[in-house]
Every structure is written in C-alpha cells, then in structure tokens.
Protein chains: 2
Amino acid sequence: MVAIGEASRLSGVSIETIRYYEREGIISKAGRTAAGRRTYSDAEISELRFIKRCRDLGFSIHNAVALRSLAHEPAGACETVEQLGRKHLTEVQAKLAELRQLESALVELVANCEKGRRDCPMLDALMGQNP
Amino acid sequence: MVAIGEASRLSGVSIETIRYYEREGIISKAGRTAAGRRTYSDAEISELRFIKRCRDLGFSIHNAVALRSLAHEPAGACETVEQLGRKHLTEVQAKLAELRQLESALVELVANCEKGRRDCPMLDALMGQNP
DNA sequence: ATGCATCCTGTAGTGACTACAGGAGCAAGT
DNA sequence: ACTTGCTCCTGTAGTCACTACAGGATGCAT
C-alpha cells in the first residue's frame, strides 16, 4: 500500500488526475489511512496504468473504462476489444488524413510567403472573396 | 445588411458560434434592428469567413484574431504572418508525427487480434506489468 | 521544535464551442 | 384578423479531460 504520490510515480498518472479519476468515478474510491490519506494497492496502480495506456493510445476515458471492464470479464471479451480497437484506429486514420490535408494547405500558404514579395499571399488567401 | 441566419450561411460559421464570438469579444458587436436582432454587413461577414478559414487551418482563436489584426495593418505585416504560419505548420507536423506513431501502435495491437486466438493480446498489452 | 514535503478539500479555469429552455418577433397564407 | 412556422433573443449549463490554485492538515527527519 502506497500513498498517492508514489502511486502517481508508479503509474505515470499525475496526482491531480488520480484524484480527478476518483471524483468522477473512473476508478473506484481509494482506501484511506486513519488520517484520511489515500492508499493504493498494486492492483489499483495497475488499474491506473491500464487507463494511462489507453489514454496514451488516444482512447477516450469512456472507452478506457469500457476496455477495463472487458479485461475483468471471464472470457469472450476479445472480440469486443478488437471492435473498439478497430473503430478507434479508423478514427485515428481519419484524423491523420485530415491533418495531412491541413499540412499541405499550410505548406502551400507559407511557401508563397518566402519569395520576397511585397504583398502577403497568405493574408490574401485568408481574406479571399469567394465562399 | 443581413440577419444572423444569413450571415451564418454566407460565412459557414454557425449562429451559436457567431453569438459566442461576439460574447467573447472575438468579433466586434453586431448592430441591431429596432427589435433587437443582430445585423451584419458584407465586411462583418468577411471577418467571420476570415476567422473560419483560420480555424479550418487549425489556428487557435487567439492566433486567428492576431492574423486578422495583421490583415488590417497598413503594411509590413507579412513577415509576422509568415512566422505565425510556420510556427503553426511545425505544430501540425509534430501532431502528425505523434498520430502516425499512435496509428502504428494501434495497427500492431489490432493485428494481433485477428489471428483467431483464444486469449486477448490487446488486453494483455494494456495490462502488462512493466511500467 | 522546526522545517519541509506531502497530503487534503473545494473551487475555478482551459478551448472552442454546443445545446437547450423559455420567450418574442416576423412573414406568408387563409 | 388570425394562425402557422420560422427565425431570433437571452441566459445558463454541458462537453472533454484535465490543470491550477488557495488554504489548511499531517508526516518525517533533524
């Protein structure tokens, strides 16, 4: 059993965020010492780490919680897990496509700038008349 | 002079968002009819379109406002505009790199799923012991 | 006894909207 | 004149996932 600071170090989740997770019911309420300080078991630290890994992979808290529930199911959860994973991957790929488009638009805008012009082609593009 | 609905259609900015922009001082306060309805000139619609284009390019509202101010400067703003553009491009590219990494991590996780296993490699990876 | 680190609660702020509730006004058709 | 349906108004609360204090209590080492 460790205190919240150590749990934070071991899981990579900040102290404030751990308390936030508890407040929001994302993790179960931690036990307390006589003086009211939170204590964390290895299992609880693993739980934090699990959530952290999901978040690092871009899953929403909602889905991270869903995945954690699936992990506690006796069996047969793998299919649902895969679905969640594939759905998220699709979203990430959509976001990637969007960002790539955005990047090339920006590259073009900025490239016009560097030709030593007196006018500002970037502002012109932003101000253009057509909808 | 048109009403807010028409301004929304012409600029591509939703009615709620236009009112939000006004509330937050992002655009100047619209004039009103005798009955208290907002009215928009062509110039104000262009302003909305300018902000919208900046947002579509991923600029923050803060930077969109800065760019709009620069567009109203008599001259010499182009250099600052270019700086803002390049800075943003760099951020977009950083985000892209991050997303690409995330994508390949997800691809790997999900690829392990589809081999008709009984266990769930994705959950195993999320639950792994090492920090 | 002192000092410093760690912990507690509670609240407010972030960015950029979005979604109502509840009400008033306007324009067109009957 | 009246009704119907659209547009508009204000004000507030919600979204997501935290982050940042303020102000105070506790724990541990010297």
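So that the names make sense, note that chain A is the first sequence line, chain B the second, and so on, each numbered from 1. All of these numbers come straight from a predicted model, not from anything done at the bench.
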Within this structure, what is the [atom1]-to-[atom2] distance between [X] and [N], rounded to whole angstrom?
X       : N      : atom1 : atom2 : value
A/Phe59 : D/dA17 : CZ    : P     : 13 Å
B/Arg23 : D/dT12 : CZ    : P     : 11 Å
B/Lys52 : C/dA16 : NZ    : P     : 14 Å
A/His62 : D/dC18 : NE2   : P     : 15 Å
A/Leu48 : D/dA17 : CG    : C1'   : 15 Å
B/Glu22 : C/dA16 : CD    : C1'   : 17 Å
B/Glu16 : D/dG14 : CD    : P     : 16 Å
B/Ile4  : C/dC26 : CD1   : P     : 16 Å

With respect to the phosphate group of C/dC17, does any side-chain polar atom (N or O) of B/Tyr21 fall under 4.0 Å of OP1 or OP2? yes

Would you say B/Arg38 places a side-chain N or O within less than 4.0 Å of OP1 or OP2 belonging to D/dT10? yes

Of B/Arg55 and A/Arg19, the one whose closest DNA chain C nucleotide lies more 5': A/Arg19

Closest listed nucleotide, where the reference is the side chain of [X] and the choices are [options]:
X       : options                : result
A/Arg37 : C/dC7, C/dT18, D/dC8   : C/dC7
B/Ile15 : C/dC8, C/dT18, D/dC8   : D/dC8
B/Tyr20 : C/dC8, C/dT18, D/dC8   : C/dT18
B/Ile61 : C/dT11, C/dT18, C/dC17 : C/dC17
B/Thr17 : D/dT19, C/dC7, C/dC17  : C/dC17

Which of A/Ile18, A/Thr17, A/Val13 passes side-chain contact (heavy atoms from CB on, under 4.5 Å) with A/Ser8? It is A/Ile18

Quick one: which of B/Thr33, B/Ile4, B/Val2 gives a side-chain contact (heavy atoms from CB on, under 4.5 Å) with B/Thr39? B/Thr33

Do NZ/NE/NH1/NH2 and the carboxylate oxygens of B/Arg9 and B/Glu6 come within less than 4.0 Å? yes

Lys/Arg-Asp/Glu bridge criterion (N-O < 4.0 Å) met for B/Glu91, B/Lys95: no

B/Glu108 atom CD, neighbour heavy-atom count above 12 within 6.0 Å: no

Please check if the number of heavy atoms outside A/His62 that lie under 6.0 Å from its NE2 is greater than 12. no

Check DNA chain D against residues 25-36 of chain B and give the residues with a non-hydrogen atom under 4.0 Å, in numerical order. B/Arg32, B/Gly36

Does A/Glu24 make a side-chain donor-acceptor contact with the base of D/dC16, cut-off 3.5 Å? no

Rounded distance [0.5 Å steps], CG in B/Asp56 versus CD in A/Gln101: 11.5 Å

